[in-house]
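Reviewing the structure listed below.
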Amino acid sequence: MSGFVRTVTGDVAPEALGLTLMHEHLLCDVSAPGLRDRPSEPIRIEDAQRLRFTWGVDHPGHHRLDDLDVIAGELCAFADAGGGSVVELTVRGIAPNPRGLRRLAERTGVQIIAGCGWYVEEYAGALIADADVDVLTGRFVADLETGIDDTTVRAGLIGEIGCSWPLSEREVRVLRAAARAQHATGAALTIHPGRAAEAPFEILGIVADEGGTPERAIICHLDRTLFRRDDVFRLADTGCGLEWDFFGIDGGHYPFAPIDLPHDGERLDVILALANRGHRSQLLVSHDICTQTRLRVLGGHGYAHLLTSGVDYMRAKGFPDNLIDALLRDNPARYLVRQR
Ligand SMILES: [Zn+2]
């Protein structure tokens with residue numbers, strides 16, 4: 001494969017990525033806006049399972065990852081399990097820390113590919129204010145080519161771009177700018193869709209309108225967005241990337257919408273059905289860790305779950321080796337690679 005992948009410590013060949021997680025958070029603060037200013041309260045191991053199950057949205061600091069020593073240890077467990085690279089998608093509005101990501105990569109040897117952009121209106125709307133699409137496009141290109149905000153740490157892809165349902169006017173501006181920046185740079189574009197079955201289709205329409213490439217766009221969080229096989233197949237037919245990134249969450253409870261989340265077995269069933277329908281090259285998986293109780297230090301599954309448990313589950317379900325390789329190595333490399 002020709003081209004390069006841009007990590008927070010420099011550009012590498014796509015073959016150098018190894019086993020790759022496509023959607024994670026290492027340093028972030030996704031606390032509800034009312035909890036942003038509250039210091040993190042300690043979590044006792046006795047309470048960890050309840051917070052994991054309920055998502056602990058009322059516990060100050062549960063949705064905040066800010067301890068570099070802890071996260072370095074979690075990344076080392078991923079590397080020990082054979083992991084090579086992590087895509088980190090903490091964007092403006094949920095406390096991105098590009099310098100911290102570079103320190104983590106240097107300390108652990110795990111390659112980190114940083115995203116760039118803005119999260120949903122509720123978190124990032126005020127940061128966008130009246131910036132027009134041209135200004136926002138310039139910010140994206142600068143993040144990718146010179147450094148994120150005031151750092152020299154460069155992003156390796158665009159996103160996760162936060163979209164609500166219905167889309168807010170500011171979110172549409174960001175999405176249009178993201179598509180234009182994709183057109184200009186060839187970077188992959190990953191999008192957090194609104195919680196509605198029609199949301200991914202509306203988003204891809206806007207991306208195409210602005211000259212973006214739906215084939216280089218990834219729709220994340222399908223775990224909580226599309227529940228009917230017909231809708232999944234219809235989205236697959238657009239050619240976009242299809243991401244199940246809640247691996248490891250095995251409780252059905254979801255605090256942000258009246259739905260039941262699937263478990264890992266159900267995620268794998270729909271992925272296998274898509275592969276058998278000819279969509280192997282579009283499929284992506286990850287954990288989207290953004291809470292403390294999903295970390296190993298609090299008894300959670302951690303960043304190694306897909307490697308230490310997921311691959312065995314895939315084999316038990318009859319996944320061929322070339323599908324497992326596609327999910328964890330080949331597809332991430334193909335989406336992340338750019339040409340000079
Ligand atoms: Zn995410």
Side-chain angles (χ1 to χ4, degrees), residues 8 20-33 36 52 55-57 62-66 71 74-75 78 85-98 100-101 104 110 112-124 127 143 148 155-165 171 174-175 178 187-195 199-200 203 217-226 240-249 254-257 259 261-262 267 283-295 300-303 305-306 332 335-336:
V8 296
T20 301
L21 300 174
M22 275 304 281
H23 190 131
E24 301 295 338
H25 301 274
L26 300 171
L27 300 170
C28 67
D29 188 353
V30 199
S31 302
R36 290 302 284 274
R52 203 158 33 237
W55 291 48
V57 289
H62 184 238
H63 278 72
R64 181 180 297 139
L65 304 178
D66 61 357
I71 300 299
E74 300 283 323
L75 277 177
F78 170 69
S85 302
V86 173
V87 175
E88 214 280 359
L89 295 175
T90 303
V91 291
R92 297 177 190 99
I94 51 174
N97 182 351
L101 295 184
L104 284 171
V110 173
I112 299 172
I113 299 95
C116 61
W118 287 265
Y119 202 53
V120 294
E121 168 89 34
E122 188 187 2
Y123 289 76
L127 303 174
D143 291 341
I148 300 168
L157 77 167
I158 301 166
E160 61 183 298
I161 298 303
C163 295
S164 307
W165 180 265
E171 288 169 347
V174 170
L175 194 54
L189 164 58
T190 187
I191 300 159
H192 162 123
R195 296 182 189 99
I203 287 164
I218 298 161
I219 303 292
C220 340
H221 311 331
L222 292 181
D223 317 56
R224 55 80 164 146
T225 310
L226 296 184
C240 74
L242 308 162
E243 189 172 274
W244 278 266
D245 45 29
F246 285 11
F247 271 89
I249 298 179
Y254 185 63
F256 308 116
I259 55 150
L261 290 178
R267 293 181 183 97
L283 302 169
L284 297 160
V285 294
S286 211
H287 311 101
D288 194 17
I289 291 177
C290 58
T291 52
Q292 291 194 48
T293 55
R294 294 180 69 197
L295 300 175
H301 54 76
Y303 299 99
H305 169 75
L306 271 162
Y335 278 102
L336 292 170

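For ligands, and for the atoms within them, numbers begin at 1 and follow the listed sequence. We're numbering straight along the sequence, starting at 1.
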Worksheet item: Which protein N, O or S atoms lie under 2.8 Å from the Zn ion (ligand 1)?
Response: His23 NE2, His25 NE2, Glu160 OE2, Asp288 OD1
Worksheet item: Cation over ring, Arg267 on Phe247, under 6.0 Å and within 45°?
Response: yes
Discussion item. Students often mix this up, so state it plainly: with edges at 30° and 60°, are the rings of His287 and Tyr303 parallel, tilted or perpendicular?
Written reply: perpendicular
Practice prompt. Over 60° means perpendicular and under 30° means parallel, so classify the ring planes of Trp55 and Tyr254, tilted if in between.
Written response: perpendicular
Discussion item. Check Arg92 with Asp143, please: is the shortest side-chain N to carboxylate O separation under 4.0 Å?
Written reply: yes
Item to complete: Tell me yes or no: between the side chains of Ser164 and Glu122, is some donor less than 3.5 Å from an acceptor?
Response: no
Item to complete: State which residues pass ring pair (Phe, Tyr, Trp, His ring centres under 6.0 Å) with His63; sequence neighbours excluded, sorted by chain then number.
Response: none
